[in-house]
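The chains referred to below are lettered A, B, ... by the order of the sequence lines, with proteins before strands, and numbering in each begins at 1.
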There are 2 protein chains.
Amino acid sequence: MGSADDADTAESIIDVEGRSVLPGFVDAHTHLVYGGDRAEEFGRRLGGESYEAIFAAGGGIMSTVRATRDSGAEELVEITASRLARMAQAGTTTVEIKSGYGLDVETEARMLEAAALAGDHVGVDVVRTFLGAHVVPTEYRHRRDAYVSLVIEEMLPVCAPLAEFVDVFCDRGAFDLDETRAIVEAGIDHGLRPRLHAEQLAHTGAVDLAVELDAISVDHLDHVTTDQAAAMAGAGTIAVLVPGVTLQMRTDAPDVAALREAGVTMALASDANPGTSNVELMTTVIALGSLLYGMSVEEAVWAATRGGALAVDRPDRGRVSPTDRADLVVLDAPHPVHLSYRVDRRPVYGVIRAGQIRCMVMETER
Amino acid sequence: MGSADDADTAESIIDVEGRSVLPGFVDAHTHLVYGGDRAEEFGRRLGGESYEAIFAAGGGIMSTVRATRDSGAEELVEITASRLARMAQAGTTTVEIKSGYGLDVETEARMLEAAALAGDHVGVDVVRTFLGAHVVPTEYRHRRDAYVSLVIEEMLPVCAPLAEFVDVFCDRGAFDLDETRAIVEAGIDHGLRPRLHAEQLAHTGAVDLAVELDAISVDHLDHVTTDQAAAMAGAGTIAVLVPGVTLQMRTDAPDVAALREAGVTMALASDANPGTSNVELMTTVIALGSLLYGMSVEEAVWAATRGGALAVDRPDRGRVSPTDRADLVVLDAPHPVHLSYRVDRRPVYGVIRAGQIRCMVMETER
């Protein structure tokens, strides 16, 4: 970290008047391109209805797929940019965005294109992941194999040039281990590196498959075991944890202590999506990492910066270093503990991206 | 609720363009007047230190008492007003504020005066509660009886004219049932109505005492029993629930289902304070009521409006009615479910207090 002594050699000096400076937040897991919202469904769940009943009535993820398919390219860019703008103001400088609400060739590609255009528009670095295997769409319910073939044979050739990573929701009710392996191996053939949604709804062994296939990360991990944590640590597989889902779905926290104990590298991400985590701001994610997952403030901040950067293969960021990109968040507080302490006040004073001042004084607090 | 048909007889019409309108939020439990903060101590707790160790080292509530005693009258008004202003912008129109960080005659009175002045300054209605019996201060640790006498004989005569309610933290490590009864009865003699901090840290029977003494509310209730819930319902004692504490202290939720089942009137409040709930905004409190306590959105909104109004004895507010005070929150959303759905976005478009527009367009979201 730069000290005041280095200021002699600096090209410019910004006096932050005792405020705390952190690396820009790197959000390593989002589904930020989508049409519509699922507020009404969320209200029904809080009122006691089950997700299964809602899904059976045409709600759940398929309602987002319909709304996304119905959204034009420009509209998708615009709504994604409005979300990205809120995130950027709260300190996010790099964000991973997945496809996965198209589930057809054209819409999957449109989502990935929209992600990049929205990032350019707002001035946030976007890292793209192809998630054609998010769920088997209703129209393929009785011919899963045909959908897996569609992903491999038709979507991947079109979408791989628009992405860096291939992801599969490998879980109960989504894709099984064999389907996941087939899709991931095809993605690797197209030059994509894998990452997996793993062990969220049930323990399936997805982590073991991810380790075998050299995935860069496994995300969620509500049902991870101690053995899997050891395997992840050995292989350097990063755990991407998403406390917004824990809050919104009212589930138990993953076993963060086991991951820590095993020496697994941890990242914190928003998983911003309309169904299971409508949290967008990394300030909130850091607070929830502390408050729901029992992470120390230092651990949560590291996971939301350096951990996230490693999880999206951007080793040139996520720390404050003279040799790294100057992506910085200036807190309106003397210490990062205020991120968790002022949970509903988002104490961000300003954001610097690649050395350029982006926004200052969102909310000032004495 | 007023309909568009009533508009013919209205003096003025504000077109909110399809946005949802709720009663102004009534925050029935706060400790908003205090010096300093406890961010560093909070960070140490997240890092694994126990509250007991922190308290033994001079931290905890006594550090807030020292900082509050050291704050001048003007300073206390100013910092309280800055907190109230944030709350008002997010829709709080009436707020209860307790003393309890002075623990001497002069500072307790100064806190209650500061609460009223800050409310006038910001334009929020403040309801004041005398909480001289918040904790036995260190200097009285070995002569508790002398402190109880101080509260009854010296504080109450000075503070009662500055408050409407008398409150006692009746819990393990705070005041026992006999001490609580003595203080509450003295408060009643001074014309104050009781409310109690009850069953938070341990089950003590404080709820039963509160029912016996006709307390308007019992607050916290982490350890409330089914029998106590029935007694509360029978007596009309209101349950003031504070999910910010549950989040920040990482404790289990109170048995909201048992309270609901018994037919207890529930209010949701922030308990804004520097040690155990640094949540300030009722938008956040409503979201946490849903997400941590399993309340439906309708139930949480009612508890944060009408429930709060009843808990602070302001029956003329907390609903949208032509005969009540026009304290209103205009959401930047078509339905209140967005309060819980957009947990980190506080979708408040504007606030009207006593018929006057106060602030508009905090944050606009499509």
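- Neither the backbone nor the side chain of A:Arg44 comes within contact range of chain B, judged by heavy atoms closer than 4.5 Å.
- Of the atoms belonging to B:Val343, it is side-chain heavy atoms, and not backbone ones, that fall under 4.5 Å from chain A.
- Under the 3.5 Å distance criterion, the side-chain polar atoms of B:Tyr341 are left unmatched by any main-chain donor or acceptor of A:Gly43.
- Highest contact tally toward chain B, considering only A:Arg38, A:Gln248, A:Glu299, A:Arg45, is held by A:Arg38 [criterion: heavy-atom pairs under 4.5 Å].
- Remark: B:Glu49 CD is packed, more than 12 non-hydrogen atoms of other residues, nucleotides or ligands lying under 6.0 Å away.
- Only the backbone of A:Met295 comes within contact range of chain B, judged by heavy atoms closer than 4.5 Å.
- Taking every heavy atom of both residues into account, B:Ser290 and A:Leu46 meet most closely at CB-CD1, 3.6 Å.
- When the candidates A:Gly294, A:Pro334, A:Ala287, A:Ala300 are compared by the number of heavy-atom contacts under 4.5 Å with chain B, A:Gly294 comes out ahead.
- Of the listed residues (A:His338, A:Arg342, A:Arg345), just one forms a side-chain hydrogen bond (donor to acceptor under 3.5 Å, both in side chains) with B:Asn278, and that residue is A:Arg345.
- The minimum heavy-atom distance linking B:Ser296 with A:Gly47 is given by the pair CB-CA, 4.2 Å.
- No donor-acceptor pair closer than 3.5 Å links the side chain of A:Asp344 to the backbone N or O of B:Val279.
- Contacts of A:Pro274 with chain B are made by both backbone and side-chain atoms, with heavy-atom separations under 4.5 Å.
- Neither the backbone nor the side chain of B:Arg83 comes within less than 4.5 Å of any heavy atom in chain A.
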